[in-house]
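Read the structure below first, then the notes.
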Amino acid sequence: MTPFTYARATDTAVALREGAEAGAYYLGGGTNLVDLMREGIEQPARLVDVTDVSTSISDTAEGGLLIGAGVRNAALAADMRVRTHYPMLSRALLSGASPQIRNMATVGGNILQRTRCTYFYDAAAACNKRVPGSGCDAREGFNRIHAILGASPACVATHPSDMCVALSALDATVHVAGPAGERRVAMADFHRLPGDTPDRETELAEGELITGVELPPAGPGMRSTYRKARDRASYAFALVSLAARIDVAEDGTIRDVALALGGVAHRPWRATLAEAHLRGQHAGENAFRAAAQAELAAAVPLRDNGFKIALAERLIVAVLTDLAGEQA
Ligand code: SF4
């Protein structure tokens, strides 16, 4: 491992000052970054530990929640407000990683975790994300876990987070602080599609720090859940996952719906085409399947991952059928 220095920030101002130093990286729970350092994929000159910064979950004046970036994933999943009003978020968190990792991992670190593309972690492989302009060995290689939506010739990686898929469907907002002040970015826009610059994964600018995530009030009448299809029952990344919220009127009309897919793209994939297809329709399998097919019409499978298209369609139909049934 390349030598580095270490500083522990006590508040956002200290973190930003320390983070402005050349080669500095912010450190959360270290459950991804330390692995990357061990493999020589990342070589920070300085680690700024921000696990003591923004560690609370507070109610907002609007009736939502403000979750500090330093809150541990296990604590967020167990928070009674989250379990009661945002069950999809709690389920998404509990479906990720292992209890030990969830005890360490922070909300900010979860958002910024890197793809699990095998070639990204192999220094001998061509990878535009790791070394811009070097190529992409995943395109013609083993690409079972890779993207079917929004990919580019430069990169077909997927974002691995479960939590972020739920946050996207919940219309969460990421709070960011940086040298130019504070700003907010919609979760659905926070992660970028790869385009020609897969090494730029988020909208964070140089030196900026995630300080928290804000959830709007949970809408009355909304039923929600998170379901994950994966190779093992635990400790596995999503092949496809779905965060879904739906509000069905007494006459069966879909008043509102929000859907986000995981495991299919370089960012949590907000299924806006499917949502538009569903609003005002009568809740039922035909409408759910047509909406899924509308969203997935643009999917482009690679050699090994064509199964994800059918899997995503079945997941959307099954989850919405269950949620609408609960509400009837
Ligand atoms: Fe690298 Fe992206 Fe290609 Fe994987 S898919 S090898 S992360 S460029």
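Predicted model only: the values in this text are computed from it and were never measured. First listed ligand is number 1; within each ligand, the first listed atom is number 1.
Aromatic pair His266/His159: ring centres not closer than 6.0 Å.
With respect to atom 5 (S) of ligand 1, the closest heavy atom belonging to the protein is Val156 N, 3.3 Å. Scanning all protein heavy atoms for the shortest distance to atom 7 (S) of ligand 1 gives Cys127 SG, 3.6 Å. In this structure, atom 3 (Fe) of ligand 1 lies nearest to the protein heavy atom Cys136 SG, 2.3 Å.
Counting the atoms of ligand 1 from 1 in the order shown, those under 4.0 Å from a heavy atom of Tyr119 are 6 (S). Per-residue contacts place Ala154 under 4.0 angstrom from the following atoms of ligand 1 (heavy atoms of the residue considered): 8 (S). Applying the 4.0 Å criterion to heavy atoms of Cys117 picks out, from ligand 1, the atoms 4 (Fe), 5 (S), 6 (S), 7 (S). Those atoms of ligand 1 that come under 4.0 Å of a heavy atom in Cys155, given as number and element, are 2 (Fe), 5 (S), 8 (S).
Arg227 and Ser241 form no side-chain donor-acceptor contact under 3.5 Å, judged by distance and modelled atom types alone. For Glu182 and His175, the side-chain atoms include no donor-acceptor pair closer than 3.5 Å. Side chains of Asn73 and Asn110: a donor on one and an acceptor on the other come within 3.5 Å. Thr5 and Arg46 share a donor-acceptor pair across their side chains, judged by distance under 3.5 Å alone.
When all heavy atoms of Met88 and Ala243 are compared, the closest pair comes out as SD-CB, 3.6 Å.
Not a single heavy atom of Pro194 sits closer than 4.0 Å to an atom of ligand 1.
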